[in-house]
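Note that the coordinates shown come from a computational prediction; the quantities given were computed from them, not determined experimentally. Side chains are part of it too, since the values below use all heavy atoms of this structure and drop only hydrogens, waters and symmetry mates.
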Amino acid sequence: MEDEIEIPHYFLCPISLQIMKDPVTLPSGITYDRHSIETWLFSNKNSSCPVTKLPISDSDSDLLTPNHTLRRLIQAWCTLNSSHGVERFPTPKPPIHKSQILHLISSANTSPSSLISSIRRLRSISADSETNRRCVESAGAPEFLASVIVGSDSSASHEAVSTLHYLRLSDSTFKSLATHSEFLDSLTNFMKLQGTHESSRAYAVLILKSIFEVADPLQLSFLKSDLFVRIVEILKDRSSSQQILKAALGILIAACPWGRNRVKAVEAGGVGVLVEILLATPERRVCEMTLTAMDLLCGCADGRAALLAHGGGMAIVSKKILRVSQVGSEKAVRVLYWVAKFSGSPAVLMEMAQLGIVAKLCLVLQIESGSKTKEKAREILKMHARVWKNSPCIPSKLASSYPPN
């Protein structure tokens, strides 16, 4: 259609090279289509004008001035060329103003039905454009929705948690929400919901993952045991999507650099469920995240004991070496390192030889791999050289790779 007629170059967005439907002008003086420049600035997190390369500050990024004159010219041109199949687009809705959002929030508590209606309206406004979404966020909607999740009835709170997810909040807002312990407790409660509220459970997991990724370490060092119980339940649930499974693993990884959290995760059954995931899931990223979480949990004595108590624990960790990725191999060898260094009883060392773990470590030294993985494998083999070096469990072709004492 558009190839049959000549389109004035100033009707085209400099980014997408498509006819602009909602032209807006940056402080740099260059005009773009609103959707294209919002994607460039906000979704892709750029901070300069694509054409002039001039920097755009946070305050400037809100100044997407509508170019009404150019829009009317484009609409008129579309009308004149309708015989060529060019359709005239409707006049776009103007962006929302912060005062409108503040009024919507302030009038939301008059009745339960009004509250739900206001929350749905916030979601609808945010979906219209990136500018609207940022306006809704800056007007305090996240804090309002968090208060609804904490203190309102189930219907309103479910609407609030879904809307909070769809707002795609900035890191700074997520970091602010991390300071509200009651809000985190409410999200934890959502994670035990089943049936008709399964979507709310998923939204709660995704929101918590985003919060944990940016929260201050001190805020994550004293988490409640109930959170780990809920995370383990989600990891056990075979109906969980890959997205939710990865989000739950992400929460576990973010929470477990601290010893007290590791113990709570182990007590909730974290090690056992991680082993089961490794046994059942071939997907590379899931395996990497699972081995990363396993590495953290085996950094404590209870975690190592739980791994050794599982019939397939040591074997599946060893099996993942050289079969997942460089990251997967590194994390799996680190798990074996924790066991060999701190839990290396004669029975455990014999089991490691019989399961082929020692032979696998020798193989790591022969195959080109990450330097960290090789170094850790060498440390493990040197650690118990007197027990393993002449073991009949090590094939002769691998025994030559055994490092010297």
Return yes when atom [atom1] of [X] has more than 12 non-hydrogen atoms of other residues, nucleotides or ligands closer than 6.0 Å, and no otherwise.
{"X": "Glu182", "atom1": "CD", "value": "no"}
{"X": "Phe89", "atom1": "CZ", "value": "yes"}
{"X": "Gln242", "atom1": "CD", "value": "yes"}

To the nearest 0.5 Å, what is the distance between [atom1] ([X]) and [atom2] ([Y])?
{"X": "Leu249", "Y": "Lys209", "atom1": "CG", "atom2": "NZ", "answer": "10.5 Å"}
{"X": "Ile74", "Y": "Met20", "atom1": "CD1", "atom2": "CE", "answer": "4.5 Å"}
{"X": "Leu227", "Y": "Ile251", "atom1": "CG", "atom2": "CD1", "answer": "6.5 Å"}
{"X": "Lys360", "Y": "Ile367", "atom1": "NZ", "atom2": "CD1", "answer": "8.5 Å"}
{"X": "Leu177", "Y": "Leu164", "atom1": "CG", "atom2": "CG", "answer": "6.5 Å"}
{"X": "His165", "Y": "Thr163", "atom1": "NE2", "atom2": "OG1", "answer": "10.5 Å"}

Show the numbers, then the answer: is there a side chain to side chain donor-acceptor pair (under 3.5 Å) between Thr373 and Gln326? CA-CA 8 Å; Thr373 305; Gln326 184 172 319; over 6 Å; no
Between Lys21 and Asp33, is the salt bridge (charged side-chain N to carboxylate O under 4.0 Å, His left out) condition met? List the steps. CA-CA 6 Å; Lys21 296 181 178 180; Asp33 184 69; over 6 Å; no
Take Leu361 and Arg378 through the side-chain contact (heavy atoms from CB on, under 4.5 Å) test and state the conclusion after the steps. CA-CA 8 Å; Leu361 293 173; Arg378 186 177 286 108; over 6 Å; no
Short side-chain to backbone donor-acceptor contact, [X] and [Y], under 3.5 Å:
{"X": "His97", "Y": "Ser99", "value": "no"}
{"X": "Asn46", "Y": "Ser48", "value": "no"}
{"X": "Trp338", "Y": "Ala301", "value": "no"}
{"X": "Ser329", "Y": "Leu322", "value": "yes"}
{"X": "Glu137", "Y": "Ser170", "value": "yes"}
{"X": "Arg71", "Y": "Pro23", "value": "no"}
{"X": "Thr39", "Y": "His35", "value": "yes"}
{"X": "Gln219", "Y": "Asp216", "value": "yes"}
{"X": "Arg133", "Y": "Arg168", "value": "yes"}
{"X": "Asp302", "Y": "Val263", "value": "no"}

If I compare all heavy atoms of [X] with all of [Y], which pair ends up nearest, and what's the gap?
{"X": "Ser221", "Y": "Arg260", "answer": "O-CD, 2.8 Å"}
{"X": "Leu169", "Y": "Phe174", "answer": "O-CE1, 3.3 Å"}
{"X": "Gly328", "Y": "Leu291", "answer": "O-CD1, 3.5 Å"}
{"X": "Ala377", "Y": "Val333", "answer": "N-CG1, 3.7 Å"}
{"X": "Val364", "Y": "Lys374", "answer": "O-CE, 3.7 Å"}
{"X": "Leu223", "Y": "Ala255", "answer": "CD1-CB, 3.6 Å"}

Among Ile253, Leu274, Ile277, which one satisfies side-chain contact (heavy atoms from CB on, under 4.5 Å) with Met289?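 So, applying the side-chain contact (heavy atoms from CB on, under 4.5 Å) to Met289 and each of Ile253, Leu274, Ile277, only Ile253 qualifies.
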Side-chain contact, heavy-atom cut-off 4.5 Å: [X] with [Y]?
{"X": "Leu336", "Y": "Lys376", "result": "no"}
{"X": "Ile56", "Y": "Ser47", "result": "no"}
{"X": "Val273", "Y": "Glu233", "result": "no"}
{"X": "Leu12", "Y": "Gln18", "result": "no"}
{"X": "Ile211", "Y": "Leu187", "result": "yes"}
{"X": "Arg230", "Y": "Val205", "result": "no"}
{"X": "Leu26", "Y": "Leu41", "result": "yes"}
{"X": "Ile7", "Y": "Trp77", "result": "yes"}

Stacked cation flag Lys264 on Phe228, 6.0 angstrom / 45 deg: no
Dump the intermediate steps for side-chain contact (heavy atoms from CB on, under 4.5 Å) on Phe190 and Ile207, then the final yes or no. CA-CA 11 Å; Phe190 270 109; Ile207 293 170; over 6 Å; no
Under the salt bridge (charged side-chain N to carboxylate O under 4.0 Å, His left out) criterion, do Arg134 and Glu130 qualify, and how do the steps go? CA-CA 6 Å; Arg134 287 168 60 86; Glu130 185 68 19; 5.6 Å; no
Pair Ile234, Ile244 - check side-chain contact (heavy atoms from CB on, under 4.5 Å), show working. CA-CA 8 Å; Ile234 290 170; Ile244 300 306; 3.8 Å; yes
Is the closest side-chain donor-acceptor distance between His180 and Glu143 under 3.5 Å? no
Checking side-chain polar atoms at under 3.5 Å, does Thr65 have a donor or acceptor matched by the opposite partner on Thr25? no
Should Ser343 and Arg304 be marked as a side chain to side chain donor-acceptor pair (under 3.5 Å) after you check the CA-CA gap, both sets of side-chain angles, and the distance that decides it? CA-CA 7 Å; Ser343 303; Arg304 295 189 294 273; 3.1 Å; yes
Checking salt bridge (charged side-chain N to carboxylate O under 4.0 Å, His left out) for the pair Glu198/Arg201: CA distance, chi angles, key distance, verdict? CA-CA 5 Å; Glu198 189 66 24; Arg201 185 190 197 198; 3.4 Å; yes
Decide, yes or no, whether a salt bridge links Glu288 with Arg285 under the criterion of side-chain N to carboxylate O below 4.0 Å. yes
Please evaluate residues Arg123 and Glu159 with respect to the criterion salt bridge (charged side-chain N to carboxylate O under 4.0 Å, His left out), reporting the C-alpha separation (whole Å), side-chain torsions for both, the decisive distance (0.1 Å), and the verdict. CA-CA 9 Å; Arg123 185 161 67 239; Glu159 291 287 347; 3.1 Å; yes
From CA spacing to verdict: side chain to side chain donor-acceptor pair (under 3.5 Å), Glu38, Thr131: CA-CA 7 Å; Glu38 283 182 347; Thr131 297; 2.2 Å; yes
Given the rule in the side-chain contact (heavy atoms from CB on, under 4.5 Å) test, do Phe183 and Ser147 qualify, once you have shown the distances and angles that lead to the verdict? CA-CA 8 Å; Phe183 173 61; Ser147 68; over 6 Å; no
Is the centre of the His158 ring less than 6.0 Å from the centre of the Tyr203 ring?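 Not under 6.0 Å, so no.
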